[in-house]
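Report on the structure given below.
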2 protein chains.
Amino acid sequence: MEDYLESISMLAQGGKVVRVTQISKALGVRKPSVTSALKKLSKEELVEHERYGYVKLTDEGQKIAEDVFHRHETLRHFLGEILGVNPKMAVEDACKMEHAVSPITLERLAKFVEFVLNRPRGKPEWLKGFNYYFEHGDLPPEYTAKCLRDK
Amino acid sequence: MEDYLESISMLAQGGKVVRVTQISKALGVRKPSVTSALKKLSKEELVEHERYGYVKLTDEGQKIAEDVFHRHETLRHFLGEILGVNPKMAVEDACKMEHAVSPITLERLAKFVEFVLNRPRGKPEWLKGFNYYFEHGDLPPEYTAKCLRDK
DNA sequence: TCCGTTTGTTAGGATACACTAACAAAATAA
DNA sequence: TTATTTTGTTAGTGTATCCTAACAAACGGA
């Protein structure tokens, strides 16, 4: 259900109206699945939807959608920019993982991503070291040199 | 189903025999759920189990169990030792996430954890900086000092 | 050995999704 | 305005899990 909310929110960007067919395509499910999801979400007061009409999120629904989106983006950034997973797979995995992360963990992950990518400024050296390590299974020359020097 | 395999594998550690009740308790589900899971896993040749008897993993089942366990441990380490999530929650979140991570992403995560915690040796300084940042919402004094100096 | 407890199974049902087929409403084009 | 196409709904199914209640097998002590 979270995916439906997230998708509706995305499709509504810029004040556009949202219809069943769009949601169906966005999520890769058939239209009857959308209809029944909407029925359920209406009952929970997360969307407004009348037969054959447009779909709109309630405030509560919008809040949840934004939360899911935030989880998604945090994971996507972590996977893509820190682990170096390719963009397509980063999105796919983020989609699956976004429903499994607890709020507290997510908050820490968000801070982590922010810390690594922006503090004190820009991507740190060690992350480049990690990329090298991942590609070559060993540390880059300067690390090794430093290690030897330290001995 | 993966959870069943993982659990059976854990319970069998050290050559111990495994029974339905144990699995039931380990996973927090009722015994009929275990019985039917075993029926299914038997059909897929992942476990051996005859009525009222012990439960054993096949080689194939053991392989999958170990893979799940590896995913679990990788995630747990990441959450606990890098993000600093408390141990109990690290386990819980790892349990939920372990079924959502693709193999490629998992491999990168494993390398990342190894890199951060062991290369070139021990926990790096910046990770302590992160912990401080998370607690105080700001960088520790030495970072700030370094920043100013660099200016 | 036989009776109660523990352990495991069967039967039947609930929920959360998804799907197809068939139909109904709305929109569009002739 | 009527015919056609597009869009959305309903009805009925299927699969994956879980559950409870009731029963059956196995185990262990008196």
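Per chain, numbering begins at 1; letters A, B, ... match sequence-line order. Just so we're clear, the structure is a prediction, and the values are computed from it rather than from any experiment. Computed from heavy atoms alone, side chains included, the values below leave out hydrogens, waters and symmetry copies.
Between B:Phe78 and A:Phe78, the gap from one ring centroid to the other is short of 6.0 Å.
Nucleic acid contact class of B:Tyr54 (heavy atoms, under 4.0 Å, all strands): none.
Expressed to the nearest 0.5 Å, how far NE2 of A:His99 lies from CE of B:Met97 amounts to 12.0 Å.
For the pair B:Ser33 and D:dC19, the criterion of a side-chain N or O lying under 4.0 Å from OP1 or OP2 is met. A close approach under 4.0 Å does not occur between any side-chain nitrogen or oxygen of A:Arg30 and OP1 or OP2 of C:dA18.
When hydrophobic residues (I, L, V, M, F, W, Y) are linked wherever their side-chain heavy atoms come within less than 4.5 Å, the members clustered with B:Leu27 are B:Met1, B:Tyr4, B:Leu5, B:Ile8, B:Leu11, B:Val18, B:Val20, B:Ile23, B:Val29, B:Val34, B:Leu38, B:Leu41, B:Leu46, B:Val47, B:Val55, B:Leu57, B:Ile64, B:Val68.
A straight line from NZ of B:Lys40 to C1' of D:dC18 spans 12 Å, rounded to a whole angstrom. The NZ-P distance, from B:Lys25 to C:dT6, rounds to 10 Å in whole Å. For the pair A:Met1 CE and C:dA18 C1', the interatomic distance rounds to 10 Å; values are reported in whole Å. One can place CD of B:Glu2 at 15 Å from C1' of D:dT17, the figure rounded to the nearest angstrom. Residue B:Leu27 contributes atom CG, which lies 13 Å from atom C1' of D:dC18 at whole-angstrom precision.
A parallel orientation is assigned to the rings of B:Phe69 and B:His72, their planes being inclined by less than 30° (bins at 30° and 60°). Ring geometry, B:Tyr133 versus B:Phe130: the interplanar angle falls from 30° to 60°, so the pair is classed tilted.
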(request) For nucleotides 8-13 of chain D, just jot down a letter per nucleotide in 5' to 3' order: B, S or -, based on protein non-hydrogen atoms under 4.0 Å. (result) BBB---

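Here salt bridge (charged side-chain N to carboxylate O under 4.0 Å, His left out) pairs that include residues 85-102 of chain B, with residues two or more places apart or in two chains, are B:Lys88-B:Glu92, B:Asp93-B:Lys96.
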